[in-house]
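The residues of the chain are indexed from 1 along the displayed sequence. Treat the numbers as computed from the prediction; the structure is a model and nothing was measured.
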Amino acid sequence: MCGCWQFIAVWRERKELRQGKVTEESQEYSFYCTSAAPAQYSGRQLLDMIRGHWSASENGAHYRRDVSLGEDACRISGRPGACVMTTLRNLLLGLFELQQHRGKTKVRTFPGWRRKLTNTQTIQLITRTL
């Protein structure tokens, strides 16, 4: 089957906390569409899938770029520079995953792998991989 069978509207309420106090509040609708037939999933299952998608995004590359590479603390404000830095961070994460997949590193975590790499090793890794 292909095509759009359902439109889903999700009402979101967000509260940003700082030191236990609400500093900002927002509400919005988010809209989704799916090719799943209406009887295929319950409303709860669809909501869980939507949450799972965003959870994977936030806990995957976004989280690793922020926590391991300090992305949110980066002071680059121009769009071209920010895009370049995001590309470099993604490249670094991709190189780590490639090294893991090929069995070239025994280090299990990205921060540990990054700490062990010298500048020379990084350049060699990039030029050999590309």
Side-chain angles (χ1 to χ4, degrees):
M1 265 195 274
C2 82
C4 181
W5 285 83
Q6 299 181 74
F7 288 102
I8 304 159
V10 176
W11 176 251
R12 287 200 168 103
E13 296 179 1
R14 186 180 71 84
K15 294 181 181 181
E16 188 171 316
L17 299 174
R18 288 213 175 112
Q19 298 177 342
K21 294 183 182 175
V22 177
T23 59
E24 187 179 328
E25 292 185 57
S26 65
Q27 299 88 29
E28 68 179 6
Y29 275 105
S30 294
F31 299 95
Y32 302 88
C33 60
T34 178
S35 60
Q40 192 172 352
Y41 299 106
S42 69
R44 171 58 54 196
Q45 288 173 312
L46 289 170
L47 183 59
D48 288 345
M49 284 186 261
I50 292 167
R51 284 184 174 152
H53 167 79
W54 288 111
S55 176
S57 294
E58 285 301 317
N59 293 325
H62 294 280
Y63 177 81
R64 291 191 306 169
R65 282 198 319 252
D66 182 34
V67 172
S68 300
L69 299 169
E71 186 172 63
D72 286 351
C74 182
R75 307 303 277 167
I76 296 172
S77 60
R79 189 170 186 82
C83 287
V84 167
M85 288 305 297
T86 297
T87 300
L88 291 172
R89 289 181 186 109
N90 286 338
L91 174 64
L92 195 57
L93 287 168
L95 288 171
F96 168 63
E97 291 174 3
L98 185 61
Q99 290 289 290
Q100 277 188 317
H101 178 75
R102 291 179 175 172
K104 301 270 184 178
T105 182
K106 294 189 187 321
V107 180
R108 294 172 38 133
T109 65
F110 175 73
W113 177 77
R114 190 176 61 114
R115 279 192 298 272
K116 289 184 176 242
L117 270 168
T118 66
N119 291 337
T120 304
Q121 289 171 323
T122 303
I123 292 169
Q124 289 173 345
L125 184 61
I126 291 169
T127 56
R128 274 189 267 144
T129 304
L130 300 177

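- Residue K15 holds its NZ atom at 5.0 Å from CD of E25, rounded to the nearest 0.5 Å.
- Considering only residues two or more places apart in sequence or on other chains, E24 meets the salt bridge (charged side-chain N to carboxylate O under 4.0 Å, His left out) condition with R14.
- The heavy-atom pair separating A36 from Q40 by the smallest distance is CA-OE1, 3.4 Å.
- Members clustered with L17: V22, by chain and number, using a 4.5 Å side-chain heavy-atom cutoff among hydrophobic residues.
- Residues passing the side-chain contact (heavy atoms from CB on, under 4.5 Å) test with A9 are Y29, F31, sequence neighbours excluded.
- For the pair T34 and M49, the minimum side-chain heavy-atom distance is 4.5 Å or more.
- A distance of 14.0 Å separates CH2 of W5 from SG of C33, quoted to the nearest 0.5 Å.
- Membership of the apolar cluster around L88 extends to I76, V84, M85, as traced through chained side-chain contacts below 4.5 Å between ILVMFWY residues.
- Side-chain atoms of D72 do not come within 3.5 Å of backbone N or O of D66 as any donor-acceptor pair.
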Using distance only, find each side-chain donor-acceptor pair of residues 103-117 under 3.5 Å and give its atom names and separation, not counting sequence neighbours.
{"from": "T105", "atom 1": "OG1", "to": "V107", "atom 2": "N", "distance (Å)": "3.2"}
{"from": "T109", "atom 1": "OG1", "to": "G112", "atom 2": "N", "distance (Å)": "3.3"}
{"from": "R114", "atom 1": "NH2", "to": "S68", "atom 2": "O", "distance (Å)": "2.9"}

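- Hydrophobic cluster membership differs between L125 and I123, with clusters built from Ile, Leu, Val, Met, Phe, Trp and Tyr side chains linked at under 4.5 angstrom.
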In a table with atom names and distances, give each donor-acceptor pair under 3.5 Å that connects a side chain of residues 89-97 to protein atoms at least two apart or in another chain.
{"from": "N90", "atom 1": "OD1", "to": "R65", "atom 2": "NH1", "distance (Å)": "2.7"}
{"from": "N90", "atom 1": "ND2", "to": "T86", "atom 2": "O", "distance (Å)": "3.4"}
{"from": "E97", "atom 1": "OE2", "to": "R64", "atom 2": "NH1", "distance (Å)": "3.3"}
{"from": "E97", "atom 1": "OE2", "to": "R64", "atom 2": "NH2", "distance (Å)": "2.4"}

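- Looking at T23, its side chain does come within 3.5 Å of a backbone N or O of E16 through a donor-acceptor pair.
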